[in-house]
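To start, the structure itself, in structure tokens.
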Amino acid sequence: MNYWLVKSDPETYDWSHFVQDQRTFWDGVRNFQARNNLRAMKEDELVLFYHSNQDPGVVGLARIAREAYQDPTTEDPQWVVVDLAVEGAFPRPVTLKAIKAEPRLVNIGLIKQSRLSVMPVTREEFDLIVGMGHGE
DNA sequence: GCCAACGTTGGC
DNA sequence: GCCAACGTTGGC
């Protein structure tokens, strides 16, 4: 079981839009490392949904509903998407500021590799952020 | 709007 | 294969 984090610019696709859809394909990834992470995702694994740019932070949880397949928005066979389904909103968003302030999260990919849009997180990081999202 | 980080492209 | 130039992302 692996755990993941995906970023979305809320101007393009925010959490409320995702809740309306309930399920979406995660398109637009054009970076090899992010693509490789998409390919490594397995059905039913859990994903932290992160808003970048304005009020950056983790706002909710998603679940992999379908593993990687050809990105329907391009003919180029090297790019893939996965399907994500809504798992649940966080009662309290976990801001980037809060993540940076948490000593147990100093090594999280989000901070170490700030430009990567799809990345794995460890079980410990995942549990901690979910806990913070519920006010712990 | 600025700038740092960093991935990609292309010349050699 | 190296590296400079360039483009993009994302935090502030």
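Each chain gets a letter, A, B and so on, in the order the sequences are listed, and its residues count up from 1. From a predicted model like this one, the values you see are computed outputs, not experimental measurements.
Using a 4.0 Å cut-off, no side-chain N or O of A/Q113 falls inside it from OP1 or OP2 of C/dT9. Within the 4.0 Å cut-off from OP1 or OP2 of C/dT9, not a single side-chain nitrogen or oxygen of A/Y50 is found.
The aromatic rings of A/W26 and A/Y13 stand perpendicular to each other, their planes meeting at an angle above 60°, with 30° marking the opposite boundary.
Between the side chains of A/D83 and A/Y69, at least one donor N or O lies within less than 3.5 Å of an accepting N or O. Counting only N and O atoms by type, the side chains of A/Q33 and A/N31 include no donor and acceptor under 3.5 Å apart.
Residue A/N31 is classed as a sugar-phosphate contact, given heavy-atom separations below 4.0 Å to backbone atoms only.
Proximity note for A/K7 (side chain, C-beta onward) versus C/dG10, B/dA5, C/dG11: the nearest is C/dG10. Of the candidate nucleotides B/dT8, C/dG10, B/dC6, B/dT8 has the atom lying nearest to any side-chain atom of A/F32. Picking from C/dG10, C/dC12, B/dC6 the nucleotide with the shortest atom distance to the side chain of A/R115 gives B/dC6.
As rounded to whole Å, 14 Å separates atom C1' of C/dT8 from atom CZ of A/R30. Distance, A/D55 CG to C/dG11 C1': 12 Å, rounded to whole Å. Put simply, CD on A/Q54 is 14 Å from C1' on C/dT9, counting in whole angstrom units. Rounded to whole angstrom, the span from the CG atom of A/N36 across to the P atom of B/dG7 amounts to 13 Å. To the nearest angstrom, P of C/dG10 lies 13 Å from NZ of A/K100. Straight-line distance from the CE atom of A/M119 to the C1' atom of C/dG10: 11 Å, rounded to whole Å. Rounded to a whole Å, the CD atom of A/E11 is 17 Å from the P atom of C/dT8. Rounded to a whole Å, the NE2 atom of A/H51 is 17 Å from the P atom of C/dT9.
A heavy atom closer than 4.0 Å to some atom of DNA chain C occurs in no member of residues 102-112 of chain A.
Residue A/E75 places its CD atom among 12 or fewer non-hydrogen atoms of other residues, nucleotides or ligands, all under 6.0 Å distant.
Of all heavy-atom pairs spanning A/W15 and A/L61, the tightest one is CH2-O, 3.4 Å.
Salt bridge present: A/D71 and A/R30 bring a charged side-chain N and a carboxylate O closer than 4.0 Å.
For A/F32 and A/W79, the gap between ring centers is short of 6.0 Å.
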